[in-house]
Amino acid sequence: MSQQLDSSKIIAAMQSVLPKNELLIPLHEPVFGGNEWAYVKDCLDTGWVSSKGRYVEWFENQMTAFTGAKYAVAVVNGTAALHISLIVSGVAANDEVLLPTLTFVATANAVRYCGAVPHFIDSEEQTLGLDTAKLEDYLGRVARLEADDCINKYTGRRIKALIAMHTFGHPVDLDPLLELCKRYKLELVEDAAEALGSFYKSRHVGNFGRMSAISFNGNKIMTTGGGGVILTNEAPLAQMAKHLTTTAKLPHPWEYNHDYVGYNYRMPNLNAAVGCAQLEQLPGFLQAKRALADRYKQSFSQINGVTFLSEPGYAQSNYWLNALVLDKPDRAVRDLLLKITNDIGFMTRPCWTLLHRLPIYHDCPAMDLSMAEKLEDRIMNLPSSANLYVKEHD
Ligand SMILES: *Cc1c(COP(=O)(O)O)cnc(C)c1O
């Protein structure tokens, strides 16, 4: 261990926050404490289990009410939400799409599903989100505007869109990013998969990109088993998203006519039923997670060599996954910390392998990624379930 970093102090800090007498504390587990059973039973009793049924619409209405977005389209998972968001944003085969290398693989996969090319950008250390200032400098060198298109001078391809991902629920600084997108004619898509319940300057994330995606996978802040939602404030885009996610079938009492190669991406009623019950508990989850993050922050505040990742001043974060950031990038120290915490039953994890390192994305265009490469060796995620705060009081 490096001199400044005392692993026993880190363990002690975690022990002071987390519940005692548990053999294993997961990184993130779902909490089902509401009407889940009743709503799912209702689906089974009435036979409405698939993609038509009142829970899907109810869920969408509650999502718009909670996020403030005008339209919500419920889909089978967050990756599908991203895929459709990109298509509706006009991303086509052989376009390039800018996205951080420090994200979950689904962000790049969705780009690939469109036949487009991921173009990786660096992150900054305050939010672990993309570095707008560095990107601005980079685009100044590699991009050229041609009519209404942004062209990569080196590959000749059109750079159509940019995906901003709100890492672990901490919002990216969106105002300067929006300005940059406008200047370079880039469509902004928000990968808000991790950020339900996070606000940028008092407005819920997912309202800034023309299209946005949220995930309800089992490990996210609330779950539908598997599920996702597309958010937008523009009616034609919402209509197209709904159309494409429901096999692009033209309305008719009995005929099967389809005007696009659509997708079977609609969220089933069963999953939406779970989601409705989860949404009723979301304010409580958010409160518990903020309280847990507060405890972590205090416990780690006196320890040299590490910083607990806190929300940026302009935002309110959902603290989906808590993260400890080592002051110095050191893979060996990070791995040792991961080992000793997991050995005593505290499930901790590193952040994702940077996407440009994966063989499947190795050949994609990329800017200098030195900060993300350092962050990769500095981040350790901590147990973050909403029930941890409550359990500690038992
Ligand atoms: C979870 C996640 C997704 C994908 O969501 P799924 O519902 O699992 O498909 C996409 N991007 C990020 C950043 C995520 O964390």
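Residue indices begin at 1 and follow the sequence shown. Both counts, for ligands and for their atoms, begin at 1 and track the order of listing. Being a predicted model, the structure only gives us computed values, none of them experimental.
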Might you work through the salt bridge (Lys or Arg N to Asp or Glu O under 4.0 Å) test for Lys289 and Glu194, ending with a clear yes or no?
CA-CA 13 Å; Lys289 289 177 83 76; Glu194 308 177 353; over 6 Å; no
If you apply the rule ring pair (Phe, Tyr, Trp, His ring centres under 6.0 Å), what do you find for Phe168 with Trp352, and how did you get there?
CA-CA 12 Å; Phe168 309 141; Trp352 314 276; 5.5 Å; yes
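For the pair Arg157 and Asn94, the minimum side-chain heavy-atom distance is below 4.5 Å.
Applying the 4.0 Å criterion to heavy atoms of Gly78 picks out, from ligand 1, the atoms 5 (O), 6 (P), 7 (O), 9 (O). When each atom of ligand 1 is checked for a heavy atom of Met165 under 4.0 Å away, the hits are 13 (C). Near Asn77, the atoms of ligand 1 lying under 4.0 angstrom from a non-hydrogen atom of the residue are 7 (O), 9 (O). Of all atoms in ligand 1, numbered sequentially from 1 with element shown, those under 4.0 Å from a heavy atom of Ala193 are 2 (C), 3 (C), 10 (C), 11 (N), 12 (C), 14 (C).
At a heavy-atom cutoff of 4.0 Å, ligand 1 is contacted by the side chain of Thr103 but not by its backbone.
Ion pair Arg290/Glu311 flagged as a salt bridge, since at least one NZ, NE, NH1 or NH2 atom sits closer than 4.0 Å to an Asp/Glu carboxylate oxygen.
At a cut-off of 3.5 Å, with distance as the only test, no side-chain donor of Tyr265 or Asn77 sits close to an acceptor on the other residue.
In terms of N/O distances under 3.5 Å, ligand 1 is not approached by Leu82. Between Trp320 and ligand 1, a contact under 3.5 Å exists for no N or O pair. Between Lys220 and ligand 1, at least one N/O pair is under 3.5 Å apart. Residue-to-ligand polar distances place Glu194 within reach of ligand 1: an N/O pair is separated by less than 3.5 Å.
Nearest protein heavy-atom contact of atom 9 (O) of ligand 1 is Thr79 OG1, 2.5 Å. Among all non-hydrogen protein atoms, the one lying nearest atom 11 (N) of ligand 1 is Asp191 OD2, 2.8 Å.
Smallest separation of non-hydrogen atoms from Met371 and Asp122: N-OD2, 3.0 Å. In terms of heavy-atom proximity, Thr348 sits nearest to Met14 at CG2-CE, 3.9 Å.
At least one heavy atom of Gly227 sits less than 4.0 Å from an atom of ligand 1.
Cation-pi contact between Lys249 and Tyr256: present, with separation from the ring centre below 6.0 Å and deviation from the ring axis of at most 45°.
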